[in-house]
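Take a look at the structure set out below.
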Number of protein chains: 2
Amino acid sequence: MALTRGQLIDAAVGVLSEFGLADLSMRRLARELDVQVGALYWHVKSKQELLVDVASKLLDSVPRPETPTPGLAPMAVAVLLRHLRNALITVPDSAEVVQLALSMRPESLDPLGWLLDFLKIAGLPDPEAGFARHVLVNHLLGSIAAHQEAVALAAGQESSQILAEWEDSAFDYGVRVILQGISAEHPATI
Amino acid sequence: MALTRGQLIDAAVGVLSEFGLADLSMRRLARELDVQVGALYWHVKSKQELLVDVASKLLDSVPRPETPTPGLAPMAVAVLLRHLRNALITVPDSAEVVQLALSMRPESLDPLGWLLDFLKIAGLPDPEAGFARHVLVNHLLGSIAAHQEAVALAAGQESSQILAEWEDSAFDYGVRVILQGISAEHPATI
DNA sequence: ACCTGAACACCGTTCAAGT
DNA sequence: ACCTGAACACCGTTCAAGT
């Protein structure tokens with residue numbers, strides 16, 4: 001039967017997860033799906049549009065948390081960031097793809113909307129909640145990118161293990177420090 | 001006379017600054033320099049290696065600050081981050097290029113070494129100083145990438161001006177919050 | 001509605017051969 | 001030492017024509 005947009009996205013997620021962004025070409029997807037390249041352009045407008053959908057799909061595996069009380073909101077933020085990291089860390093170049101989606105169609109990334117909600121629940125006022133999310137998302141994506149480059153460059157060596165652990169600690173440290181700084185900046189907040 | 005590696009790097013910086021990474025191809029550089037593509041590979045091993053040198057060159061415009069006293073070190077960190085941002089913000093896709101250099105040859109980026117020095121002068125112990133720099137550099141590069149995507153997408157519209165200003169405020173907020181969080185995490189530090 | 005075939009205008013990298 | 005010419009193995013996107 002006919003190819004669907006969903007199958008195309010799934011194939012793209014598959015190639016990305018197994019081989020990375022450098023190997024994720026429209027021609028390769030066409031080969032994988034047993035169609036000609038041109039066929040893909042009936043289902044998506046461009047490769048960029050496809051990548052935005054890939055990013056959405058990657059973040060879809062993060063379950064929507066319960067809406068927290070104001071007191072628990074900072075903890076909910078930290079937990080959500082952990083889940084996002086877990087969802088992305090195993091997929092090569094996922095940070096790059098999410099970064100693209102973030103600039104092209106931010107509303108397609110639901111979990112980042114929840115993040116903003118939680119920061120507001122914690123008591124942050126209007127522009128600052130957005131700023132705070134921005135800092136946290138920069139840290140999340142930057143840490144993931146650095147982690148993946150570390151394991152890619154030192155592939156197979158024992159050093160890659162050490163670098164990955166360093167990155168884990170650095171991520172936790174960053175989340176802690178940023179949340180602490182935010183509550184220091186907003187004394188009304190818990 | 002013969003092409004030099006320096007001329008090649010300068011040409012690459014020029015194309016990046018004017019047209020962005022998508023237009024920065026080896027073939028285009030060869031055209032610009034009136035040589036055949038193959039000639040470039042006598043001067044650099046690969047496009048990646050060239051991009052690492054481009055990143056170094058971009059950061060070279062940041063002057064080395066005076067070594068601060070412990071009391072002034074946090075301020076020196078903030079000032080250095082501002083200078084880095086100023087050096088990169090006008091060059092399209094500079095954050096991406098620096099990210100690459102950071103993973104391929106971090107020691108080639110002197111100003112990021114100074115950043116680590118200042119954090120240690122401020123009193124941060126050994127693994128934490130590296131973590132802290134990591135958070136700050138993630139924020140720097142993430143903010144620059146977001147800023148540039150904002151102006152690129154809304155090119156010409158009045159909204160691009162607003163988005164750019166939002167990004168400016170968000171950057172300052174982030175630096176403030178992270179530095180505050182760091183000093184809260186390390187009570188011994190000022 | 002969905003796809004093929006073929007073209008257009010590109011890429012990065014290598015390398016024998018020239019000067 | 002430095003470069004040319006030419007090739008190899010790719011790209012993303014478009015579009016008339018087919019079913």
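When reading the values below, keep in mind they use all heavy atoms of this one structure, side chains included, and skip hydrogens, waters and symmetry mates. As the structure is a computational prediction, the values presented were derived from the model and not from experiment. Lettering of chains follows the sequences in order, A, B, ..., and the numbering in each one begins at 1.
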query: On DNA chain C, nearest-nucleotide positions of A/T4 versus B/M26: which is more 5'?
result: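 The residue whose closest nucleotide sits nearer the 5' end is A/T4.
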query: If you group Ile, Leu, Val, Met, Phe, Trp and Tyr by side-chain heavy-atom gaps below 4.5 Å, do A/V98 and B/L100 land in one group?
result: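 Linked, A/V98 and B/L100 end up in one cluster.
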Which one, [options], comes nearest to the side chain of [X]?
| X | options | result |
| --- | --- | --- |
| B/A2 | C/dG12, D/dC2, C/dC3 | D/dC2 |
| A/R28 | D/dG5, C/dT13, D/dC11 | D/dC11 |
| B/S25 | C/dT13, C/dC3, C/dG12 | C/dG12 |
| B/W42 | C/dG12, D/dT4, D/dA1 | D/dA1 |
| B/L3 | C/dG12, D/dC3, D/dG5 | D/dC3 |

[X] [atom1] - [N] [atom2] separation (whole Å):
| X | N | atom1 | atom2 | answer |
| --- | --- | --- | --- | --- |
| A/R31 | D/dC10 | CZ | P | 7 Å |
| B/K45 | C/dC15 | NZ | P | 13 Å |
| A/K47 | D/dT13 | NZ | P | 8 Å |
| A/D23 | D/dA9 | CG | P | 17 Å |
| A/R5 | C/dC2 | CZ | P | 13 Å |
| A/L29 | D/dC10 | CG | P | 15 Å |
| A/D34 | C/dC2 | CG | C1' | 16 Å |
| B/Q36 | D/dA6 | CD | P | 9 Å |

- prompt: Does the pair B/D172 and B/R85 meet the rule for a salt bridge (charged side-chain N to carboxylate O under 4.0 Å, His left out), with working shown?
  reply: CA-CA 11 Å; B/D172 289 335; B/R85 196 180 125 100; over 6 Å; no
Closest-nucleotide 5' rank along DNA chain D - winner of A/Q48 and B/R27: B/R27
- prompt: With a non-hydrogen cut-off below 4.0 angstrom, is B/A39 in contact with a base, only sugar-phosphate, or nothing?
  reply: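 Result for B/A39 = base.
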task: Examine C/dA1: is either OP1 or OP2 under 4.0 Å from a nitrogen or oxygen in the side chain of A/H43? Give yes or no.
output: no
message: Can you see if the side chain of B/Y41 gets near the phosphate of C/dT14 - specifically, an N or O under 4.0 Å from OP1 or OP2?
response: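 Negative; the distance criterion is not met.
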task: Write down the distance separating the C1' atoms in D/dT14 and C/dC3, rounded off to the nearest Å.
output: 14 Å
field: C1' atoms of D/dA17 and C/dC2, separation to the nearest Å
entry: 13 Å
statement: pair_partner(C/dT4), Watson-Crick or wobble, both distances < 3.5 Å, evaluates to D/dA16
task: Kindly indicate whether a cation-pi arrangement holds for A/R133 with A/F118, taking the cut-offs as under 6.0 Å to the six-membered ring centre and within 45° of the axis.
output: no
query: Are B/H134 and A/Y173 near enough that their ring centres are under 6.0 Å apart?
result: no
task: Kindly check if the number of other-residue, nucleotide or ligand heavy atoms within 6.0 Å of CD (B/E107) is above 12?
output: yes
- prompt: Got a sec: does the CD of B/E66 have more than 12 other heavy atoms crowding it under 6.0 Å?
  reply: no
